[in-house]
Undergrad: 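One structure coming up, written as structure tokens, with questions to follow.
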Amino acid sequence: MSRGRLSPQGTILLLCDLQEKFRPHIVHFGDIVSNAARLLQASRILGVPAIVSEQYPRGLGPTVPELGAQGVPTFSKTSFSMLTPEIEAALGGGGAGGRARSVLLCGIEAQACITCTALDLLDRGLEVHLIADAVSSRSQTERLLSLSRLRQSGVFLNTVEGVILQLVQDAAHPKFKQLQKLLTHPSPDTGLLSLF
């Protein structure tokens, strides 16, 4: 039984559909993007590879610039799961640690692309860590029920700060000072407390 331990080796970050046209419709969109951007910065510092998906970008626009995902491999899709053949191939490579074992999942929408992606990842034997303060929906009801459903399915719920600290594991880590700058201010409130 997995306990959800994280290590930069064998971990990959998936950033799902944080696109311009969703901005006015997603609850706490700006804060969700801010949290995901912070996790992306930490991933770069620790050498954790990242992948971005865009749902039908011709109609829904590009990934928002404030995510800071320039240079991150980006794949367009129409399916609700991120696991397109291109992204599956990238997961097989897993970055510095070989094949990915753990996936950090951020983005929108909780009841659609996040749920479908998480379930597909679980079906492939990967450990899924849903970053709850970097996931949202148009509705807090959908968000709550999706988080609950995914937890029942074996997904680990976590926060940006929790994941960063679990990846580094020790204040003596050579990259801790760089990461500490990302943790100086707490994550913005994304309405999670009202859900539980």
Side-chain angles (χ1 to χ4, degrees), residues 1-18 32 35-54 63 67-69 71-75 77 79-108 110 112-135 146-176 178-179 182-183 187:
M1 176 180 162
S2 174
R3 303 236 184 262
R5 241 179 238 291
L6 286 168
S7 166
Q9 293 73 35
T11 296
I12 194 163
L13 171 62
L14 297 184
L15 300 150
C16 184
D17 305 349
L18 292 164
I32 296 298
N35 286 338
R38 189 157 43 147
L39 186 54
L40 177 57
Q41 287 177 299
S43 295
R44 285 178 167 142
I45 291 168
L46 292 169
V48 172
I51 295 173
V52 171
S53 70
E54 294 178 336
T63 298
L67 181 60
V72 174
T74 301
F75 300 94
K77 64 184 184 65
S79 66
F80 293 133
S81 174
M82 281 183 76
L83 291 192
T84 63
E86 298 87 2
I87 292 176
E88 284 211 62
L91 286 172
R99 185 186 186 305
R101 294 181 309 276
S102 300
V103 177
L104 310 175
L105 181 58
C106 302
I108 59 173
C113 297
I114 295 297
T115 294
C116 291
T117 300
L119 294 174
D120 281 351
L121 291 165
L122 290 171
D123 284 348
R124 285 155 178 81
L126 293 161
E127 189 176 271
V128 180
H129 296 261
L130 187 93
I131 315 307
D133 60 348
V135 168
S146 298
L147 293 176
S148 177
R149 188 250 191 272
L150 288 171
R151 188 172 181 203
Q152 291 169 343
S153 297
V155 169
F156 294 100
L157 300 184
N158 214 325
T159 63
V160 169
E161 185 167 330
V163 163
I164 292 170
L165 292 172
Q166 287 165 40
L167 286 168
V168 75
Q169 295 188 12
D170 193 322
H173 189 285
K175 306 272 183 164
F176 182 72
Q178 287 177 271
L179 294 167
L182 298 174
L183 303 174
S187 292

Undergrad: Give the C-alpha distance, both sets of side-chain angles, the deciding distance and a yes or no for side chain to side chain contact (heavy atoms under 4.5 Å, CB included) between Ile131 and Leu13.
TA: CA-CA 10 Å; Ile131 315 307; Leu13 171 62; 5.5 Å; no
Undergrad: Would you check if His129 and Thr11 make a side-chain contact, meaning some heavy-atom pair closer than 4.5 Å?
TA: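 The answer is no; the side chains never approach within 4.5 Å.
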Undergrad: Tell me if the CZ atom of Arg44 is crowded by more than 12 foreign heavy atoms within 6.0 Å.
TA: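 More than 12 within 6.0 Å, yes.
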Undergrad: Between CG of Leu39 and CD1 of Ile164, what distance do you get to the nearest 0.5 Å?
TA: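 If we round to the nearest 0.5 Å, Leu39:CG and Ile164:CD1 are 5.5 Å apart.
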Undergrad: Any chance you could measure Leu67, atom CG, to Leu40, atom CG, to the nearest 0.5 Å?
TA: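 Separation between the atoms: 5.5 Å.
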Undergrad: Nearest 0.5 Å, what's the CD-CG distance between Glu127 and Leu104?
TA: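 That separation rounds to 9.5 Å.
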Undergrad: Is there side-chain contact between Ile32 and Val135, with heavy atoms separated by less than 4.5 Å?
TA: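 No, too far: nothing below the 4.5 Å cut-off.
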Undergrad: May I ask you to decide if Thr63's main-chain N or O and Glu54's side chain share a donor-acceptor pair within less than 3.5 Å?
TA: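 Side chain of Glu54 to backbone of Thr63: a pair is present.
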Undergrad: Taking all non-hydrogen atoms of both residues, which atom of Val128 and which atom of Ala118 are closest, and how far apart?
TA: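 Nearest heavy atoms, Val128 then Ala118: CG2-O, 3.9 Å.
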Undergrad: side-chain hydrogen bond (donor to acceptor under 3.5 Å, both in side chains) for Ser187 and Arg38? Distances and angles first, verdict last.
TA: CA-CA 9 Å; Ser187 292; Arg38 189 157 43 147; 2.3 Å; yes
Undergrad: How long is the span from the CG atom in Leu130 to the CD1 atom in Ile114, to the nearest 0.5 Å?
TA: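 The distance works out to 6.5 Å.
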Undergrad: What residues, two or more places apart in sequence or in another chain, satisfy side-chain contact (heavy atoms from CB on, under 4.5 Å) together with Ser53?
TA: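 Once residues adjacent in sequence are excluded, the partners of Ser53 under the side-chain contact (heavy atoms from CB on, under 4.5 Å) criterion are Cys16, Asp17, Lys77, Met82, Ile87.
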Undergrad: With heavy-atom distances below 4.5 Å as the criterion, would you say the side chains of Leu105 and Val155 are in contact?
TA: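 Contact flag for Leu105/Val155 side chains = no.
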Undergrad: Could you walk me through whether Val103 and Thr117 satisfy the side chain to side chain contact (heavy atoms under 4.5 Å, CB included) test, starting with their C-alpha distance in whole Å, then the side-chain angles of each, then the deciding distance to 0.1 Å, before giving a yes or no?
TA: CA-CA 10 Å; Val103 177; Thr117 300; over 6 Å; no
Undergrad: So does Ser81 get a backbone contact from the side chain of Asp120, meaning a donor-acceptor N/O pair under 3.5 Å?
TA: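 Here the side-chain-to-backbone pair does not exist.
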Undergrad: Please determine whether side chain to side chain contact (heavy atoms under 4.5 Å, CB included) holds for the pair Leu183 and Leu165, giving the CA-CA distance in whole Å, both sets of side-chain angles, and the decisive distance to 0.1 Å.
TA: CA-CA 9 Å; Leu183 303 174; Leu165 292 172; 3.6 Å; yes
Undergrad: If you compare all heavy atoms of Ser102 against all heavy atoms of Leu6, which two are closest, and at what distance to 0.1 Å?
TA: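 Result for this residue pair: CB-CD2, 3.9 Å.
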Undergrad: Could you pull out the closest heavy-atom pair between Arg101 and Gln9, with the gap in Å?
TA: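 Closest heavy-atom pair between Arg101 and Gln9: NH2-O, 2.8 Å.
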Undergrad: Val160 versus Leu182: any side-chain heavy-atom pair under 4.5 Å?
TA: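 Heavy-atom side-chain distance check fails, nothing below 4.5 Å.
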Undergrad: With rounding to the nearest 0.5 Å, note down the distance linking CD1 in Ile51 to CG in Leu15.
TA: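 Between Ile51 CD1 and Leu15 CG, I get 9.5 Å after rounding to 0.5 Å.
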Undergrad: A side-chain contact here means heavy atoms from C-beta on lying under 4.5 Å apart; do His173 and Leu167 qualify?
TA: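 Contact flag for His173/Leu167 side chains = no.
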Undergrad: Minimum heavy-atom separation for Ala100 and Leu126, please, with both atom names.
TA: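 What the structure gives for the nearest pair is O-CD2, 2.9 Å.
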Undergrad: With rounding to the nearest 0.5 angstrom, report the CG to CD distance, Leu46 to Gln41.
TA: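 Nearest 0.5 Å value for the CG-CD distance: 12.0 Å.
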Undergrad: Decide if atom CZ of Phe80 counts as having more than 12 heavy atoms of other residues, nucleotides or ligands within a radius under 6.0 Å.
TA: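 Atom CZ in Phe80 is not packed in, count stays at 12 or less.
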Undergrad: Return the minimal non-hydrogen interatomic distance between Pro73 and Ala50, and the atom names on each side.
TA: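 Scanning both residues, the minimum pair turns out to be CD-O, 3.5 Å.
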Undergrad: Filter on side chain to side chain donor-acceptor pair (under 3.5 Å), then keep only pairs touching residues 159-171, sequence neighbours left out; what's left?
TA: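 Qualifying pairs: Asn158-Gln166.
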